[in-house]
Amino acid sequence: MAPVRAAESDGTTGARIRDARKAAGLTQQSMAAEIQVSRQTVIAMETGDYAPSVYLAIKVARALGVTVEDLWGH
C-alpha cells in the first residue's frame, strides 16, 4: 500500500513534528520505538509524505509532550 500524501504540501506540519521531536530530545529511531512504528514512518511524517491516522497522531503528540493541535492545527 502506498503512503497517503499529507494534506499539507508546504511541509509545515512535518517541520513542526521534527522540531518537537528534537525539542523532546528524541531521535527518529527512539520516537519510532515510542509510538510503535518504523523509523521510515517517522521520516515520512516529517517530510509530509504520510498523514497518520487520528490514533497515531495522538500517540505522536503524547510522545512529544505536545497537543495534536500543536502539530496539525493551523
Side-chain angles (χ1 to χ4, degrees):
M1 178 186 255
V4 176
R5 287 297 282 168
E8 204 169 75
S9 61
D10 64 1
T12 57
T13 299
R16 286 191 295 264
I17 295 169
R18 182 182 58 248
D19 293 345
R21 176 182 57 76
K22 288 181 178 182
L26 296 173
T27 65
Q28 290 173 333
Q29 185 63 45
S30 62
M31 180 172 151
E34 175 90 16
I35 62 174
Q36 300 175 324
V37 298
S38 70
R39 186 175 66 85
Q40 288 76 13
T41 299
V42 173
I43 292 167
M45 283 189 286
E46 290 184 357
T47 60
D49 289 334
Y50 178 74
S53 67
V54 172
Y55 177 72
L56 182 55
I58 292 168
K59 287 177 76 171
V60 169
R62 285 183 181 162
L64 299 177
V66 298
T67 67
V68 171
E69 291 81 8
D70 290 336
L71 299 175
W72 283 276
H74 296 283

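Predicted model, so just to flag it, every value in this text is computed and none were measured. Numbering of residues begins at 1 and proceeds along the displayed sequence.
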Original post:
Looking at CG of L71 and CE of M45, how far apart are the two atoms once the value is rounded to the nearest 0.5 Å?
Top reply: 9.5 Å

**OP:** Taking the side chain as every heavy atom from C-beta outward, state whether V37 and Y50 have any atom pair closer than 4.5 Å.
**Re:** no

Original post:
Does V54 belong to the same Ile/Leu/Val/Met/Phe/Trp/Tyr cluster as L56, with side-chain heavy atoms less than 4.5 Å apart forming each link?
Top reply: yes

Subject >> 4.5 Å side-chain heavy-atom contact, V68 and R62 >> reply: no

Original post:
Say you draw a straight line from OG1 of T47 to CD1 of I17; how long is it, rounded to the nearest 0.5 Å?
Top reply: 9.5 Å

**OP:** For Q28, enumerate each residue passing the side-chain contact (heavy atoms from CB on, under 4.5 Å) test, keeping only those at least two apart in sequence or located in another chain.
**Re:** R21, R39, V42, I43, E46

Subject >> Heavy-atom pair with the smallest gap, counting every atom of T67 and A61 >> reply: C-CB, 3.7 Å

Subject >> With sequence neighbours excluded, residues passing side-chain contact (heavy atoms from CB on, under 4.5 Å) with D19 >> reply: none

**OP:** Report the distance from atom CH2 of W72 to atom OG1 of T12, rounding to the nearest 0.5 Å.
**Re:** 12.0 Å

Original post:
Does any non-hydrogen side-chain atom of L64 lie less than 4.5 Å from one of M31?
Top reply: yes

